[in-house]
Amino acid sequence: MTVLASGSKGNSTVISSSNTRVLVDAGLSCRELIRRMNLAGEDPSALDAIIITHEHQDHVAGLGVLARKLDIPVYFTEPTHRAWVRMLTPRTTMSYAAWLDHVRREKEARANAAASSESTMNQPVPGLCDSMSAAVEASDNTLEDPDESEIATRTKVDPTFLPAVEYFRSGRQFSIGDIEVTPFTIPHDATDPCGFVFSAEGVRMALATDLGYMPPNVKAALRRIDVLLLESNHDLEMLKDGPYPWSVKQRVLSRVGHLSNLATAEFLQNDYDGSASFIVLGHLSESNNAPELARLAAEQALMNHPSLLGNRILLADQAAPLDPICL
Ligand SMILES: [Zn+2]
Ligand SMILES: [Zn+2]
């Protein structure tokens, strides 16, 4: 497991077996994700797939561009994929006259395209990376002439285009290469959010961040895990006294918000089976937490179980990748 980034400004983690490499979430720009992979000694071109926990921006910011650049499939649940597409599809309103005009232009463009013998290129080309957004912006310009409109249709890049999409469902195990993936539902204010257990070559790694509380299904999923990336989002006092508006504090604290240091410590003390060699505390809030507080809460929870003192606790970082954790 290589945590590239963790926190409300972006999340992304590489999970690898000897044969397969999967990127969990792509919450930084394409360029930054590639920079961090290189920094951490992970070869971006060796990635086999991207898998998404949920559609919040801090988990998908670089998704489309990275998937097209690397030309790899993206695994979502169907509701999460739809939510992501909706998020990227701008809602436009236009007058009836403008709409009629739009329909006429589309019709003319189609007629022109049909008349042309070389009218096959209406799918975006994978691999354009950063030139993609420029093309999208360029194609937003209003065009007066049907000929120009046709050119725009041909060169317009769809930001929701992905080289391939694979659907999974929470609770149903599936494989990516030789990595077995078990997605589980988490309580969070997204469309169909989930955490994952990855299993390969006798090693089990799990990710559980962005959850308002620890329901029984998550506790059950996090058994017999060798490397556990677990949310420890906020210190309750810092959140209460902190800079967030009241409504945001309520959201974070709610049953579909984020796990506090205390909630994580309670899980470690009461429900955790002690199997992990490494516990990585992640999604730490920059405004409402301090790494020492998160570490202290987790260490105190483990201290009550002498058999768990061998568990190493690491803190995931927002600004830099962690060294790869290899078992
Ligand atoms: Zn998040
Ligand atoms: Zn989220």
Side-chain angles (χ1 to χ4, degrees), residues 1-15 22-29 32-33 36 50-64 66 74-88 168 170 183-196 206-215 217-218 221-222 228-235 238-239 242-245 247-261 263-264 267 280-289 291 294 314-322:
M1 176 188 287
T2 306
V3 183
L4 300 174
S6 186
S8 58
K9 291 184 185 146
N11 295 272
S12 194
T13 297
V14 181
I15 299 284
V22 177
L23 188 72
V24 187
D25 289 335
L28 301 169
S29 70
E32 182 62 13
L33 285 167
R36 291 199 186 194
I50 304 173
I51 184 166
I52 297 299
T53 58
H54 64 295
E55 74 278 16
H56 286 166
Q57 194 60 21
D58 57 320
H59 298 259
V60 298
L63 173 61
L66 184 72
V74 181
Y75 289 71
F76 299 94
T77 72
E78 189 172 355
T80 298
H81 180 224
R82 283 170 190 250
W84 177 74
V85 168
R86 264 200 311 277
M87 233 168 62
L88 291 185
F168 63 82
S170 274
F184 54 89
T185 296
I186 52 171
H188 190 53
D189 54 358
T191 305
D192 188 21
C194 50
F196 300 112
L207 282 91
T209 68
D210 300 72
L211 61 169
Y213 71 105
M214 271 282 181
N217 78 303
V218 176
L222 300 185
L228 173 59
L229 171 55
L230 183 61
E231 171 158 62
S232 193
N233 178 260
H234 55 275
D235 173 77
M238 282 181 76
L239 178 71
Y244 283 6
S247 58
V248 180
K249 289 180 184 179
Q250 286 301 300
R251 189 220 144 214
V252 172
L253 285 167
S254 78
R255 300 269 281 180
V256 288
H258 292 275
L259 276 190
S260 67
N261 296 345
T264 301
F267 163 75
V280 186
L281 301 176
H283 220 299
L284 268 68
S285 167
E286 289 183 310
S287 315
N288 306 306
N289 209 350
L314 304 175
L315 291 164
D317 201 339
Q318 181 69 89
L322 288 190

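Both counts, for ligands and for their atoms, begin at 1 and track the order of listing. Side chains are part of it too, since the values below use all heavy atoms of this structure and drop only hydrogens, waters and symmetry mates.
- Counting only distance, with no hydrogens or angles, the side chain of N11 and the backbone of D58 share a donor-acceptor pair below 3.5 Å.
- Just one residue in the list V248, N261, N289, L253 forms a side-chain contact (heavy atoms from CB on, under 4.5 Å) with L239, and that residue is L253.
- Results of the side-chain contact (heavy atoms from CB on, under 4.5 Å) test with F196 over L229, I15, I51 single out I51 as the only residue that passes.
- Using a 4.5 Å heavy-atom cutoff, the side chains of V218 and F267 are not in contact.
- Of all protein atoms, those that are N, O or S and lie under 2.8 Å from the Zn ion (ligand 2) total 4.
- In this structure, D192 contributes its side chain and E78 its backbone to no donor-acceptor pair below 3.5 Å.
- Considering H59, H188, H56, H234 as possible partners of H283, the one that fulfils the ring-ring contact (aromatic ring centres under 6.0 Å, His included) test is H59.
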